[in-house]
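Take a look at the structure below.
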Amino acid sequence: QNGRFTIVGGSMAGEWRLSATPFFDPRSGRFQGYRGQARRPHLHEVAASAATPDAFPGLSGESLRQLVHELRTPLNAILGFAEIIEQQLFGPAGSEYRDMAGKIVGDARHLLAAFDDLDLAARVSRGDEPQVPRPVDPALLVAQVAARFSGEQDGDGRGVDISAAGGLPNVRIDPVQGERMVQHLLRTLVSVASPGARVRGSCWFQPDEGAGRVVLALDRPDTLAGMEEAQLLDPGYTPEGDWADGPLLGLGFSLRLIRSLAGGCGGALEIDRRRFLLTMPAVAD
């Protein structure tokens, strides 16, 4: 019952638990071995691995993957039924039921976005995210992502204003990962900003001994003023770090995820007293 074994390599690699019962030949009655089923271990059955500075505490990458899979399936079913009621696909429904279903749809989509973040964190932690670095225009990347937040956020006036220096060199990053980390950073800061406040920043080239790097600097929202880096990266929910519109998984989780994405691209996320500095390696001219 719940015997441990490990598969090394291949698509089934990792820890497993096996439960089986004796099997006997129906004619002769001779013992023929065991028959049973294997499963991935539950979260409480997996020992926590040693934490590293950029690790996501508490859960291994495999445990995160399993958690996301087990939660996303029933949530998709709830979302589907709520949409059926909201859109009256199977017949008329009362206004109160449609209103309730609409709220469920919004909450379910919010949860699915959080599950996507968990899944991405698991893949980054396990090194499963493929990296195909190539030259990317940082000014265009930032402008395209910022445009998604240029309008009012939920009608409360929050948004993004970023100025980019002229003649920025290309950066060498994976385009998908680059877009993810910029979008996550902007979305996180917009979500914790005060109603009516806009996230402001600038983008410039910073030379160094190598090819240099491009820096995206975003001012801290007033709500984060005076907080130390350790507080900002705290993955738990605290009175200082819990906002009604903030990231569902917490500010610390989002910042750690962004830092891991940046590190995988050869960049970094630095935090000083006034700004968040996302750096990306420039292409040597």
Side-chain angles (χ1 to χ4, degrees), residues 52-56 120-121 123-125 127 129-150 159-193 197-233 251-285:
T52 60
D54 291 330
F56 299 97
L120 176 59
R123 296 199 304 270
V124 171
S125 175
E129 279 292 282
Q131 294 282 337
V132 186
R134 64 171 185 258
V136 174
D137 183 347
L140 180 60
L141 170 63
V142 172
Q144 288 177 336
V145 176
R148 303 170 192 171
F149 303 91
S150 59
V160 175
D161 293 319
I162 300 177
S163 60
L168 288 176
N170 286 340
V171 294
R172 187 169 183 80
I173 59 175
D174 180 273
V176 175
Q177 298 292 65
E179 181 178 356
R180 281 174 175 166
M181 65 184 180
V182 173
Q183 177 171 311
H184 272 73
L185 181 57
L186 293 181
R187 184 181 68 188
T188 298
L189 297 184
V190 168
S191 69
V192 301
R198 299 183 70 81
V199 174
R200 304 184 186 279
S202 55
C203 191
W204 70 85
F205 172 66
Q206 180 175 314
D208 57 25
E209 296 179 356
R213 56 184 184 167
V214 172
V215 182
L216 172 61
L218 299 172
D219 297 339
R220 282 196 189 198
D222 293 341
T223 52
L224 303 183
M227 294 181 65
E228 299 292 336
E229 180 174 340
Q231 291 178 280
L232 294 172
L233 295 176
L251 176 65
F253 181 92
S254 295
L255 293 178
R256 287 169 179 262
L257 175 57
I258 296 163
R259 178 167 281 180
S260 293
L261 289 171
C265 292
L269 175 66
E270 302 170 7
I271 302 173
D272 66 19
R273 302 296 299 179
R274 299 185 300 110
R275 298 174 299 186
F276 293 88
L277 304 167
L278 181 64
T279 63
M280 296 168 278
V283 175
D285 189 355

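- Within the structure, side chain to side chain donor-acceptor pair (under 3.5 Å) pairs that include any residue of residues 162-173 do not occur (at least two apart or interchain).
- Among all heavy-atom pairs drawn from Leu269 and Leu255, the shortest one is CD2-O, 3.7 Å.
- Counting heavy-atom neighbours within 6.0 Å of Asp222 CG, excluding the residue itself, gives a total of 12 or less.
- Inter-residue side-chain proximity for Leu224 and Phe276 is flagged as met; some heavy-atom pair is nearer than 4.5 Å.
- Taking all atoms of both residues into account, the shortest heavy-atom contact from Ile271 to Leu232 is CG2-CD1, 3.8 Å.
- Residues that satisfy the salt bridge (charged side-chain N to carboxylate O under 4.0 Å, His left out) test with Asp161, not counting sequence neighbours, are Arg198, Arg200.
- Residues His184 and Ser254 have side chains not in contact (no heavy-atom distance under 4.5 Å, counting atoms from C-beta outward).
- The minimum heavy-atom distance between Cys265 and Gln177, with the atom names listed, is SG-CB, 3.6 Å.
- Listed by chain and number, the residues in a side chain to side chain contact (heavy atoms under 4.5 Å, CB included) with Pro169 are Phe205, Val214, Ala282 (sequence neighbours excluded).
- Ile258 CD1 to Thr188 OG1: the interatomic distance, rounded to the nearest 0.5 Å, is 4.0 Å.
- By the side chain to side chain contact (heavy atoms under 4.5 Å, CB included) test, Ala143 pairs with no residue at all, sequence neighbours left out.
- Partners of Gln206 under the side-chain hydrogen bond (donor to acceptor under 3.5 Å, both in side chains) rule, at least two apart in sequence or in another chain, do not exist in this structure.
- Taking every heavy atom of both residues into account, Leu277 and Val215 meet most closely at CD2-CG1, 4.1 Å.
- Leu141 places none of its side-chain heavy atoms less than 4.5 Å from the side chain of Val171.
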- Item | Pair Glu229-Arg273, salt bridge (Lys or Arg N to Asp or Glu O under 4.0 Å): steps then yes or no | CA-CA 9 Å; Glu229 180 174 340; Arg273 302 296 299 179; over 6 Å; no
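- For the pair Leu216 and Ile162, the minimum side-chain heavy-atom distance is below 4.5 Å.
- Screening residues 263-272 for salt bridge (Lys or Arg N to Asp or Glu O under 4.0 Å), with sequence neighbours left out, gives Arg213-Glu270, Asp272-Arg275.
- The structure places CZ of Arg259 at 12.5 Å from CG of Leu261, a figure rounded to the nearest 0.5 Å.
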- Message: Would Val160 and Arg148 count as a side chain to side chain contact (heavy atoms under 4.5 Å, CB included) here? Give the steps.
- Response: CA-CA 9 Å; Val160 175; Arg148 303 170 192 171; over 6 Å; no
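- Taking every heavy atom of both residues into account, Val145 and Leu186 meet most closely at CG1-CD1, 3.7 Å.
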